[in-house]
Structures are given as C-alpha cells and as structure tokens.
Visitor: 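Please read through the structure below; I'll follow up with questions.
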There are 4 protein chains.
Amino acid sequence: MALDTRERVRRAAVKLFADKGFHGTGIRDLATESQLSTASLYHYMGSKEDLLVDIMRRCLQTLLDTATAELADVEDPATRLRKLVKLHVRAHARMPRETRIVDHEIPVLSPAVRRSVIGLRDSYERLWADAVADGVEAGVFTTAHPGVTRLALLEMCTGVARWYSPRGSLPLDELASHYADVALRAVGACSQSAAEGQSRGE
Amino acid sequence: MALDTRERVRRAAVKLFADKGFHGTGIRDLATESQLSTASLYHYMGSKEDLLVDIMRRCLQTLLDTATAELADVEDPATRLRKLVKLHVRAHARMPRETRIVDHEIPVLSPAVRRSVIGLRDSYERLWADAVADGVEAGVFTTAHPGVTRLALLEMCTGVARWYSPRGSLPLDELASHYADVALRAVGACSQSAAEGQSRGE
Amino acid sequence: MALDTRERVRRAAVKLFADKGFHGTGIRDLATESQLSTASLYHYMGSKEDLLVDIMRRCLQTLLDTATAELADVEDPATRLRKLVKLHVRAHARMPRETRIVDHEIPVLSPAVRRSVIGLRDSYERLWADAVADGVEAGVFTTAHPGVTRLALLEMCTGVARWYSPRGSLPLDELASHYADVALRAVGACSQSAAEGQSRGE
Amino acid sequence: MALDTRERVRRAAVKLFADKGFHGTGIRDLATESQLSTASLYHYMGSKEDLLVDIMRRCLQTLLDTATAELADVEDPATRLRKLVKLHVRAHARMPRETRIVDHEIPVLSPAVRRSVIGLRDSYERLWADAVADGVEAGVFTTAHPGVTRLALLEMCTGVARWYSPRGSLPLDELASHYADVALRAVGACSQSAAEGQSRGE
DNA sequence: TATGAATGAGTCTTCATTCAT
DNA sequence: AATGAATGAAGACTCATTCAT
C-alpha cells in the first residue's frame, strides 16, 4: 500500500522538524526528504507553519483522545494517574519526534495559532492536574505541592521522548509500569495498592 | 558597575537563543538586543555558533564544577544524590535560559564542537550515574533499572528550567528539597534516613 | 535564435571575470549583466566558483580536443608545433576572455578543483612539450633549453589574448602563421622546410 | 638592519597582491602579513589603492630608468633590442611579483590614476617600439609586422615572471641571453652579428 | 606610534513562496 | 498533479575605513 503523498510530506516534516528544528529545516530539505520539488510541496501543504501546526495538533489530539477514552470510567485517582503516566510514556516512546516537536517548537508559532495549540495542550494537562487534585482531595495522595508534583511528573515522562530507544533492554510496557511506580511513589501513594493490582490486567 | 560589552552580547544571546532558538535568532536580533550594529557584534564574538558554544560550555562547566565541589567529601550515596538533585534543580531554576539552551540546541552544533560539548555533559551525568550505581551497590537504593531511573530523574529535574518562576509560592530551597525527596523515593531510599537528616543543615 | 538563459549567464560571467577579475566581479554585477535578479541567478549556476570552473574547463577542454584532433595523424614535429601555435593563437584571439580567465584566475580556485583544472591544463601543455621534445630528438629542432623554449613560446602565444583585436590590420590567419614562423625560428627549425610547405594546405 | 615598517607593509602588499590579487586581498590580510593591526596599517599607507599604485609606479619606474640608462649611448638597434630583452627578462625573473601586479591589476585602478600608470608603461614600451622600428628602418631587422612582433616579444619576456624560479638549472644570465637570441631570430636579425659579439662583454 | 572600537555598505548565498505552464 | 522559473527579503558574515584614546 503506497504511502499517500500528503502523508509522505508529513513524515518528512516530522523527521526534519524533530531532528533539525523548525527554523533549522528549509523548504528544500522538506522537498528532498519528500522526494518532491519545492513547488510540488505546496500542493500538499499550506505554509511551512501550517505543516507544523498540523503535526502538533494531531499529536496533541491523539494524546487527548486516548487519555480521555482510557479514563472514561475510571474513578480511582491512583489508577487514573497510573493510566496517564503509562499512556504518556508509551506515546512519547512511540512518537518521540512528534512529541518533541510539540515540546520544543510551540514558541515559533504565530500568536493566534499558538493560543489554540496551547489550549489543546492545557486540556490534556488538565487531566493530569485533575487526577492529582482528586487524589489529594480523596486523601490517597500525600504531596505538599500538587502543582509542582504534576509538573515534575510530566517533565519526567515527557523526557522519555529524548532518550528512549526500542532497542533498549527494557520492554516498553515494563518501562511504562516502572514510570507509573515512580509517579505513585512521588505522590505518596502506596504502590502495592489496588492501583497496582488493577494494572495487571492492562 | 557598567556591564562590559562582551558580557552584554552574551546575555543578549542567552535570552534570544533560549526564547527563539538558535536558528530562530538572527544576527540582527542579537545586534539589536546588544545595542550594537551587526558589524560591531563581530568584535565581540567569533561566529554565531562560537557564541552558542561559549554559552553551553560555561553552563556545563559551572554545573560540573559546582557538583564536583559539593560532592568532594561526601561518601553516602543518598546524600550525594540528594545534593545532585538540589544543585541541579537550583541551577536550572536560576539559569533556566542557559540550561534550556544546552538542552535544546546541541544538535545544531557542528560535529567537532558537538563532541566536546557532549563530552562535558557526559562528565556531569556520570556523577549522577555513579551516585545511583553506588547506592544500588551499597544496598541503600532499590531500583530495578538504575539507568532508566537516572534518566527519569535527570529529565524531571531539568524540566524545572521550563516552568519555574521566582514569583511562584514555593521558595527555591523548598522546591529543591521537594525534588530531592521525590528522587530518593524514586530510587527506593528510605527518606527518613541519615541523608534527610543531614540535609537539614544545608 | 533566443539565447538560453544558462548561456546568457555564462557569457555575462566570461565578460565580467575577464574584465574585472573573479574577485572584482560581484554577484550583483553578474545578475545585472545577465538581466536576472541575484536570486534567479542561482537557478542557473551553483556558486560563483562553479561558474568560474565551468568556464575554465570548457575553455581548456576545447583547446585540448581541438589540438588532439588536429595532431591526430601528424608525424612531423615541425608541422605539429606549427599546428599547435596556429591553433593556440587562433583560440586566444577568438576567445580572449575565456583564455585570460584561465590564465589569471587559477589561483583563486579552491584546492580540490584547482588540481583538476591544472591537470587539464597540463594535459594540453604536454602536447607542446612532446612536440618540442620530439623535434629535438629527431634533430630537426636545435634548442639548448627545450623546456624554457616551450614556456617562452606558450607565453608569447597566450599573450595574444591580451592585445589582439579583430579590427587590427593583420588577418588572423596571417597572424597565426606569423607566430608559427617565429616559433619555428625560435626552435631553430629551418622555416623553408617541409613543415612550411605542408602548412599551405591548411 | 631592521626593516622599516613602511617597507614591511609594501612587501606584504607585493606578496599578497601578486598571490591573491588586489580584490582577493583584504585589509586584514595585509595587516596580518605586516604584523600590524588594521588601524595601524593606515599610518603607513593611504588607501589600499594607493598602496597598489605605489607598487606599480615603483616597478615601472625602475624598469624605465634602468632601460633608459642602459640604452643611453647605444646606437645599434640589434644591441638595443638585445639589451631590452635581457633587462626585461632579468627584471621579471627578479621581481616576479611586482611585475605580475603591473601586468594583472591595471584594470582595477580608478580612471585618473590608471591613465598615469598606463602612461608610464607606454613610455617603457616605446623604447621597445623604437628599437624595433629603428632596426627595420636600418634594414637590420626583417619583420613583416613590427607592431605584432614587438607585442609577441614583450609577452614572451613578461611571461618569465609567471614561471621562473631561481632554483631552475639555467642561470639567469644565460636565460636572458637565450631570450635575446630568440628575440633577434624573431626579428630576423642574424644572431651571429655584432650584436651578439658586443653582448659578450656584459 | 599604535590600536580597540565602531560602522555603513557590501559580500555570497539561501529563504519561503508564487506563478505560468 | 507537477514543476521550472522567478524573486524580494533575509541569512551570516566581511569589507575598507575612521576615530578617540
């Protein structure tokens, strides 16, 4: 099944934006990587920035949709946090370039579109904030500074995109579980709790 | 105390490289920010890349020197890790731009200089690796995957540079201590240990 | 017959490089002379140096090909030298700019490409060296210093490019013959020899 | 005897202008080669062009003065031509850089100064033209095209500056004599004539 | 005498983008 | 759908020169 050209352009952009940065990637680089002429490129994209926005939105939307779906009927805060961590780690390990682009290139966006992308990111992060807040409120998490903790965990998990390699010795699922353990310890939740037990079924 | 021009250029670069990225910063931006003409700029720097390298090296060297000094006569692995975390967090909170530049812009360096900068970074990270490994060997840390744990902690602490604001409610020293607690929990060290006790004096 | 743009650029470059020198010719000069914008110029050339190399190679290749063809089945050294001189003079009179560029601008080439251009030039000059050496060996030339003589003759003939004008009173063929006579006298060949006779058929 | 600074600058310029061309030589190059700062350079020269003009004028004046002195009381055209050739060859062998600069860089001069330099050059070349014309008039030279012959000889002799090396096997005096022989043959003067005899005393 | 600082105009080259075909 | 041609603006950097010290 041949790769549709539009998709080829997107993949080229993901690769280059992640590896060389948005400003470090030229239209010619994109054209070469897409095996297209620079002029043809413009049949499959709007501007260079449109391409960037498209990549960012898809990535964030995927994250948001997946998380929303997974958390749909989960009440227990520990389980919710556990699921968020695992999902986040897995996503960043599997789409390291897309997530790194979201992580690095937001400041290059023009104001209007930046706001909307940040809105999307905030929606996603609110899921984390809520999970932590709920846990604290329910008394299952004991952390003096929930906001800080949330940021610390997010950064830790996001960092996976900067070093994970599928050739590493630790299988991705175990890695994700390991991160979840660290996270639960960080919020002071007993990791031998039901949350852990429930996770066995995943 | 008038700021020497060379220093003014460096600060301009730190600001712009951190906020707009290396490739997103033009020579004109640097000149404007330094209150110099583009031609004059070149009296105070070699190339744009030289400026970047200078910033990176200073930052990493500071980190390395400080850490080396602090760990000089500390034997206990828990205390060492605690010190590393606090120092790292403080450095990233106080020099967020410099550290973000190190974090983001290494790939834009030309190969020769990149190697040397990476060497410096690796020297610093080895301090972390050693602390973790020693703790595991000594039986005070219990972590199934020391390498992964080290990366997770580093990313978590480095992330501080991306969100910390001195206007936040949590004083920096408490923030650093909080991170140290999370880190020790993450490696499975009992946080009521001597390490914690010793840290009270800091 | 409209002149193809690539050719227009080449001609502009030949004119300017010859008249103002490579370093004395700016990209703007080339653009103006080619009736193109500076950016458009780069559709038709690589770098300024590429353009120079192209001009040099074409010129030397033409010289080499023509000479090789003309000498193909000529045995007599005097006739060979005579043909070389006439061909060289004619070429330098007809392509004075191209040959002057080859003559003046080789030192500006970057090392790698310079070597290859010099190689081409040496191949051509070897035809002269061989002709002189053969004549000396056969006893038809009497010159104490064949190497010096070759250089003297080459410089003399090359100089034509620096002063010849088609508006001069002497027809080019006669000029070339005149030079050939001087050359044969210089190597001590009797100019009433068969060489002279044979040349009538040209 | 320490080299006076002004002279050091001049020598640096001679070297660089000859090797890299006037436009290929930057003020910084001159400063480095002179072991001076660029600003200091301007204590010892006017503009870059002034330096060039100075070099050219000195070279041409030397040539003109020497030739005038040598020809002062020589009547015989063959001897005069012989002397001119030898002197020209020797000068170009001994001052190859200065003469090459005169040869290559006249077109870069601004119109006013160019005219005066060309005037100097023409004065010198007139000595050649006169020698040839006198020889033809006196019947000792037989050349169908005196003007062309003069140019051919001049170019031939000037070319020495482009290849001569003091490490070559042929002593300079012999080289000069050899060129004189070729020249006299070229104008159809019997080289076993009095001219040759007279030259033994040189 | 000597130079660090300064600069407007210039260098070559690439930028992202449009458009006619 | 695809692209060669075209370009104004910008990229990093150097130019020759001046001037205050």
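Note: hydrogens, waters and symmetry copies are ignored here, and every other heavy atom, side chains too, is used. First the proteins, then the strands, lettered A, B, ... as listed; each starts at 1.
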Visitor: Generate the contact string for nucleotides 14-21 of chain F. Rules: B means base contact, S means sugar-phosphate contact only, - means no protein heavy atom under 4.0 Å.
Guide: BBSBBB--

Visitor: Not counting sequence neighbours, list each pair that qualifies as a ring-ring contact (aromatic ring centres under 6.0 Å, His included) and has a residue in residues 24-51 of chain B.
Guide: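 ring-ring contact (aromatic ring centres under 6.0 Å, His included) check on residues 24-51 of chain B returns no pairs.
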
Visitor: Can you tell me if the side-chain N/O atoms of Ser37(D) get under 4.0 Å from OP1 or OP2 in dA2(E)?
Guide: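 No.
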
Visitor: I need the Thr99(C) OG1 to Arg97(C) CZ distance, nearest 0.5 Å.
Guide: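 Here the interatomic distance stands at 11.0 Å.
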
Visitor: Applying salt bridge (Lys or Arg N to Asp or Glu O under 4.0 Å), name anything that partners Asp65(B), two or more places apart in sequence or on another chain.
Guide: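 Counting only residues at least two positions away or on another chain, Asp65(B) forms no salt bridge (Lys or Arg N to Asp or Glu O under 4.0 Å).
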
Visitor: State, yes or no, whether a side-chain contact exists between Ile118(C) and Arg115(C) at a heavy-atom distance under 4.5 Å.
Guide: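 Counting from C-beta outward, Ile118(C) and Arg115(C) never come under 4.5 Å.
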
Visitor: Taking only N and O in the side chain of Ser40(D), is any of them less than 4.0 Å away from OP1 or OP2 of dT3(E)?
Guide: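 For dT3(E), OP1 or OP2 has a side-chain N or O of Ser40(D) closer than 4.0 Å.
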
Visitor: Output side-chain donor-acceptor pairs under 3.5 Å for residues 101-108 of chain D, partner residues at least two apart or in another chain, one line each.
Guide:
unit_1    : atom_1 : unit_2    : atom_2 : d
Asp103(D) : OD2    : Arg162(D) : NH1    : 3.3
His104(D) : ND1    : Arg100(D) : O      : 3.2
Glu105(D) : OE2    : Phe22(D)  : N      : 3.1

Visitor: Taking for each residue the nucleotide of DNA chain E with the nearest heavy atom, is it Leu36(B) or Tyr44(D) whose nucleotide lies nearer the 5' end?
Guide: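 Counting from the 5' end, the first nearest nucleotide belongs to Tyr44(D).
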
Visitor: Can you name the residues that form a salt bridge (Lys or Arg N to Asp or Glu O under 4.0 Å) with Arg11(D), not counting sequence neighbours?
Guide: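 Scan of Arg11(D) (salt bridge (Lys or Arg N to Asp or Glu O under 4.0 Å), adjacent residues dropped) gives Glu7(D).
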
Visitor: Should stems be defined as at least three consecutive Watson-Crick or G-U pairs with both distances under 3.5 angstrom, which of them involve DNA chain E?
Guide: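 Counting only runs of 3 or more consecutive pairs, the stems involving DNA chain E are E:2-21 with F:2-21.
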
Visitor: Please round to the nearest 0.5 Å and tell me the distance separating atom CG of Leu60(D) and atom CZ of Arg121(D).
Guide: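 Interatomic distance, Leu60(D) CG to Arg121(D) CZ, rounded to 0.5 Å: 8.5 Å.
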
